[in-house]
Amino acid sequence: MKLFALVDCNNFYASCETVFNPSLRGKPLVVLSNNDGCVISRSPEAKRMGIKMGQPFFEIKKLVEDGKLFALSANFTLYGDLSRRVMETLFSISPKVEVYSIDEAFLYLEGLPVTDYEKYGKFIKEKVYRWTGIPVAVGIAPTKTLAKAATYIAKRESEEGVIYIAPGEDFSTYLKKLPVEDVWGIGRNYSKFLKSKGIKTAYDFTLIPEDWVGRYMKINGLRTLLELRGKPAIPAETGGNRHSFITSRTFGTPVEKFEDLWSAVSTFVSLAGERMREEEYYATSISVFISGGTFSNPFFMQESEILSSPTDFTPELIDAARRILERIFKKGKEYKKAGILLGGLIMKKNFQFELFTPTEVVRKKESLMEAVDRINTRYGKDAVYFASSKISFRWHSVQKKLSRKFTTSWAELPVVKG
DNA sequence: TCTGGGGTCCTAGGACCC
DNA sequence: TCTGGGGTCCTAGGACCC
């Protein structure tokens, strides 16, 4: 019998900020998206005040100014580091951990010498808190979708923050409490459709015939149905095989000039290139997109290019990005966002350079990139960079309320006063 | 006035090939 | 009057996730 635990960090970004700034504990706090545009994480107190996920900042600005709500710009370096610590703790607990997102992981529990899973869940929760300061909720169940559901209930109704759904147990009481739009795998569109048919809860959903779900919600809807009925239908992640790297940003202020866009795009290519080398992939294609317009009337331009051979060499990627941007750029428009995608990834270790590529050239490119990455790791991001990235700064996003890089920058380490 | 960023998978349709 | 069928690859768009 399969058994999964879902460990889900509570209000992850807001919790991370609290770890290094305890004076924020118990206060209404929100974390803002990259451009201080909207709310992406809320402390329980902020939730209670009625602040919504995704709410635009301008709607709550007054509260912040009046000192009724604390707001911070997203500090993804900090969150990434704390996420790594949480995951390491989980790896120390269970032999098979599937990191599902920055703040969630599935633990595969079958075969473990555990008898009391309720207690085991509490043990996980306490250990993560003790090692990292991050509060989590734990749901344990025979399928991943039910584990998700259990976590949902655990966060809302369990004092302990732990819910265990035993195999064979009648779990309909849980599913009746789970609104259909909060089922993992049923998003905005399908839940609207389902509600129009009178299906309001996860429990209602489990009563629908399979062929109906298959017809209207395709294979993924069917998987969700089976999982909610207690039958595992979502395959284990194979892991490690990513397909793309995306880097994109909304600009601090809209830009019109080609050079401004180009500066942004070449910066994004450098950043994505670094990540790609770090994870040891080659890209076989690159896309560039630029967009703007209003919220209700947006425009979007995008084009791709197949690279002449798989590469992780930033100058080659930058050349291709430049050609694409020249093709899609139109004068006289206000651009608010740009981005690039490195696609068709292949793992470096699985790739042999074609015979006609002179080895000497490959070696030189590699050592140049290694040198650049090494310097930037050692002396901080942007110690060396490609000239095109710094032609213009107009596009830079705005982060007025940034907390410090407590864990990843020597200069910003917290100081303990004795 | 002001609405993030980074991913995955599935499906339908067209191009192209034999 | 007759007008194949099957496979593959690519792309765009839509759905979902955090």
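All values derive from a computational prediction rather than experimental measurement. Throughout, a chain's letter reflects where its sequence line sits, starting with A, and its residues are numbered from 1.
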Going by the angle between their ring planes, with limits at 30° and 60°, are A/Phe268 and A/Trp395 parallel, tilted or perpendicular? perpendicular

What does the 5'-to-3' dot-bracket notation of DNA chain B look like when only Watson-Crick and G-U wobble pairs under 3.5 Å count, and pairs to other strands show as |? ....||||||||||||||

By the 4.0 Å heavy-atom rule, please label A/Phe76 as base, sugar-phosphate, or nothing. nothing

Derivation and outcome, side-chain hydrogen bond (donor to acceptor under 3.5 Å, both in side chains), residues A/Asp312 and A/Tyr281: CA-CA 7 Å; A/Asp312 64 356; A/Tyr281 286 95; over 6 Å; no

For a quick check of understanding: with a heavy-atom distance under 4.0 Å over all strands, which category does A/Phe12 fall into, base, sugar-phosphate or nothing? nothing

Test applied, side-chain contact (heavy atoms from CB on, under 4.5 Å); reference residue, A/Ile134; option that passes from A/Asp103, A/Val19, A/Thr89: A/Val19

Identify whether any heavy atom of A/Ile102 sits under 4.0 Å from a base atom; if not, whether one sits that close to sugar-phosphate; answer base, sugar-phosphate or nothing. nothing

First contact, last contact: which nucleotides of DNA chain B are these for chain A, 5' to 3', heavy-atom distance under 4.0 Å? B/dC2 to B/dT11

Taking atom NZ of A/Lys365 as the centre, report whether more than 12 heavy atoms of other residues, nucleotides or ligands fall under 6.0 Å from it. yes

Give one of base, sugar-phosphate or nothing for A/Ile186, where a contact means two heavy atoms less than 4.0 Å apart. sugar-phosphate

Base, sugar-phosphate, or nothing for A/Asp36, non-hydrogen atoms under 4.0 angstrom? nothing

Looking at A/Tyr216 versus A/Tyr190, is the centre-to-centre ring distance below 6.0 Å? no

Can you tell me how far the CG atom of A/Asn34 sits from the OG atom of A/Ser73, to the nearest 0.5 Å? 8.5 Å

Counting only heavy atoms not in A/Tyr203, do more than 12 sit closer than 6.0 Å to its OH atom? no

Assert: residue with more 5' nearest nucleotide on DNA chain B, out of A/Gly37 and A/Ile246, is A/Gly37

5'-most by nearest nucleotide on DNA chain B - A/Arg275 or A/Arg223: A/Arg275

Taking the six-membered ring of A/Phe251 as reference, does the NZ or CZ atom of A/Lys337 fall below 6.0 Å from its centre and within a 45° cone about the axis? no

Distance between the P atoms of B/dT3 and C/dC18, in whole angstroms? 24 Å

Assert yes or no for the condition that the ring centre distance of A/Phe289 to A/Phe300 is strictly below 6.0 Å. yes

Judged by modelled atom types alone, do A/Ser43 and A/Arg25 share a side-chain donor-acceptor pair under 3.5 Å? no

So what does A/Val31 hit on the nucleic acid, given a heavy-atom distance under 4.0 Å: a base, only sugar-phosphate, or nothing? nothing

Using a 4.0 Å cut-off on heavy atoms, which residues in residues 51-64 of chain A reach DNA chain B? List them by number, or say none. A/Pro56, A/Phe58

Heavy-atom count around A/Tyr129 OH within 6.0 Å, excluding the residue itself: above 12? no

